[in-house]
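Just below is one structure, and these are the notes that go with it.
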Amino acid sequence: MAHPLRTADHLRPQRALKGTMTDVPYRFDRNATAAGLAADYADLGIGEETGVTVRVAGRLMLRRDQGRLTFGTLRDSSGAIQLFAGVKWTADYDSFSHLNLGDWIGAEGEVVRTRTGELSVKVTSWVRLAEARRSFGDKFRGITDVDLRYRQRYADLWANEGSRDTLLARSRIISATRRWLEDRDFVEVETPIFHPIPGGAAARPFTTHHNALDVDLYLRIAPELYLKRLVVGGFERVFEIGRVFRNEGLSPRHNPEFTMLELYQAYADYGDMMELIESLVAHLATVMLGTTSLVYAGRELDLSTPWRRASLSDLVEEQTGRRYTIETPIDELRAAAGGYGIPVSGAWGPGKLLLEIYEKTTEAALWGPVFVTDYPKEVSPLARDHRDQPGMVERFEGIVAGRELCNAFSELIDPDEQKARFEDQARARAAGDDEAMAVDADYLRALEYGLPPTGGLGLGIDRLVMLLTGAEAIRDVIAFPTLRPEAPEAPDGPAGGPDEADRAG
RNA sequence: GCGCCUCUAGCUCAACGGCAGAGCAACGGACUCUUAAUCCGCAGGUUCUGGGUUCGAAUCCCAGGGGGCGCACCA
């Protein structure tokens with residue numbers, strides 16, 4: 001954005017229309033949409049008229065003035081339809097032929113197909129529903145300035161059709177996810193966004209304050225601990241699709257607020273979670289793309305089930321040719337991590353070292369889909385001990401297109417063990433790890449009432465949408481991504497006009 | 001936080017040390033079947049900001065600001 005200061009002097013002058021169609025109505029009775037007309041009259045022959053009068057509404061995106069004829073392209077949320085106006089049959093023709101691109105209009109007329117074959121509404125009467133006092137950028141090339149696209153999404157959505165398609169796809173993906181889970185007896189719930197104790201993930205939280213209670217609260221970094229409380233309360237299958245907040249950096253793959261699906265299933269373990277999530281993702285790909293084979297970032301990706309399962313240590317060995325486990329002598333792990341350029345902390349145990357080595361050498365090289373299984377207990381304070389491997393837990397991450405798509409485990413249900421894990425985290429926190437978890441005494445109390453064996457899973461909805469829409473930036477799948485606020489001395493809105501007196505108050 | 005790149009008219013872009021331009025939009029006009037209509041005309045600028053070098057800076061240098069990408073952090 002070249003000019004943070006955008007004055008109003010480039011606004012179009014308000015244009016008073018001549019004739020009788022000048023009052024802006026409070027409502028408009030539309031009875032047809034662009035897509036509906038295209039479907040209903042697909043067989044209408046060239047030059048034919050239907051005798052059917054319809055009322056359409058939308059934004060005028062293109063205008064082709066021929067003198068005594070004017071063609072307009074009207075876009076509504078379903079698609080585009082041509083408006084066909086003529087001096088002989090259109091009321092206030094002169095004003096119609098001078099409408100600005102971007103104006104919202106409602107029009108009434110007969111459905112016809114022009115002599116050149118374009119399905120059209122032959123406008124007899126029309127009304128301007130709103131004036132566009134700003135233009136929508138280059139009508140052919142749209143808006144390409146990424147900052148402008150994200151800041152003024154309302155303009156981007158008209159200037160770049162792909163933006164709208166992506167957000168529509170997001171809606172369909174979330175809707176299909178809900179339906180799929182509900183069909184399997186999952187119950188959707190809502191849990192608090194204000195948390196007195198941030199928990200459920202390793203991340204720095206945002207802090208806020210409640211005045212009446214005079215307490216600091218945290219915006220949730222994950223809904224996990226509340227959802228498991230609901231399982232304790234008898235909800236055997238629950239899920240939540242909601243916003244979580246992490247006070248971390250921004251990147252093409254990170255937004256400080258993002259949408260997470262978390263679900264918990266009683267009587268299930270992490271193996272069940274693998275089957276569930278690979279089925280769900282394959283289903284969504286089929287719904288959205290008609291296939292489980294897709295191309296992302298120029299590379300083929302096959303989401304058909306079953307996905308590969310491989311242990312973290314095995315994958316590191318595949319990638320590096322060296323085998324590391326939590327049994328590897330710690331000096332050897334430290335040396336190896338240092339050799340990969342990892343700034344090793346003396347406080348790290350073998351589990352943390354192993355995880356760091358995996359993330360540095362292997363994770364980004366995995367294209368997937370693959371379930372990376374069996375993580376060190378040291379780095380997984382909420383996952384249950386592995387039934388066969390001491391020091392490990394039953395946890396997996398689903399890696400797709402080189403990124404973590406989901407994280408799941410057989411949930412830790414033993415309150416004593418959970419208490420010990422929390423205390424380990426608290427020690428790490430005291431030692432300076434500001435992403436370590438805090439002790440949540442109420443959560444321990446809930447576990448003391450009894451959490452049944454439970455499988456749990458968290459999945460990043462934004463990344464899933466990226467995958468299924470081909471978006472390579474998380475900002476493309478979020479309508480209003482987090483941006484640095486515009487300079488406060490640069491009002492650029494309805495109140496930002498040159499007439500300062502209007503703002504006195 | 002660090003590194004690299006970038007910022008010119010409302011939008012999309014030229015000019016790259018020598019008169020700041022084009023297309024679209026807007027504004028005025030011509031045109032009875034257009035499809036990014038076409039054509040004629042008019043208007044539009046603190047070249048992100050502030051310094052510096054130079055006879056001369058949009059262009060080169062320094063500092064600051066916005067944005068992008070990478071690293072780090074993370075999902």
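Small disclaimer: the values here were computed from a predicted structure and weren't measured. A, B, ... follow the sequence lines: proteins, then strands. Residue 1 opens every chain.
- Side-chain contact check for A:Thr50 and A:Tyr41: no donor-acceptor pair (N or O, by modelled atom type) lies under 3.5 Å.
- A centroid separation of 6.0 Å or more is found between the aromatic rings of A:Tyr218 and A:Phe194.
- Contacts of A:Phe136 with the nucleic acid, taken as non-hydrogen atoms under 4.0 Å apart, are absent.
- Side chain of A:Gln82, nearest nucleotide from B:rG23, B:rA26, B:rU34: B:rU34.
- Looking at the side chain of A:Val146, the nearest of the listed nucleotides B:rU32, B:rG67, B:rU34 is B:rG67.
- Counting any heavy atom pair closer than 4.0 Å across all strands shown, A:Arg204 reaches sugar-phosphate atoms only and no base atom.
- Looking at heavy-atom distances under 4.0 Å, A:Asp156 makes no contact with the nucleic acid at all.
- Close placement of the A:Phe84 and A:Trp89 rings is indicated, their centers lying within 6.0 Å of each other.
- Pairing of B:rC2, defined by two Watson-Crick or G-U wobble distances under 3.5 Å, is identified with B:rG70.
- Using a 4.0 Å heavy-atom cutoff across all strands shown, A:Gly102 reaches no nucleic acid atom at all.
- When heavy atoms are screened at a 4.0 angstrom cut-off, A:Lys122 is found touching no nucleic acid atom at all.
- Heavy atoms of A:Ala155 sit nowhere under 4.0 angstrom from any nucleic acid atom.
- Comparing A:Gly72 and A:Thr144 along RNA chain B, the residue whose closest nucleotide (by nearest heavy atom) sits nearer the 5' end is A:Thr144.
- When both pairing distances are held under 3.5 Å, B:rC19 makes no Watson-Crick or G-U pair with any nucleotide shown.
- Taking the side chain of A:Ile474 as heavy atoms from C-beta on, and the options B:rA75, B:rA37, B:rC11, the nearest nucleotide is B:rA75.
- Across all strands shown, B:rU54 forms no Watson-Crick or G-U wobble pair with both key distances under 3.5 Å.
- In this structure, A:Glu118 reaches the bases: a heavy-atom distance under 4.0 Å links it to at least one base atom across the strands shown.
- By the 4.5 Å heavy-atom criterion applied to side chains, A:Leu181 and A:Glu188 are not counted as neighbours.
- At a threshold of 4.5 Å between non-hydrogen side-chain atoms, the residues A:Val121 and A:Leu37 count as touching.
- Between A:Asp65 and A:Lys88, the residue anchored closer to the 5' end of RNA chain B is A:Lys88, taking for each the nucleotide with the nearest heavy atom.
- Across all strands, A:Pro343 comes closer than 4.0 Å to no nucleic acid atom at all (heavy-atom distances).
- The A:Arg484 side chain lies nearest to B:rG66 when the options are B:rG66, B:rC33, B:rA75.
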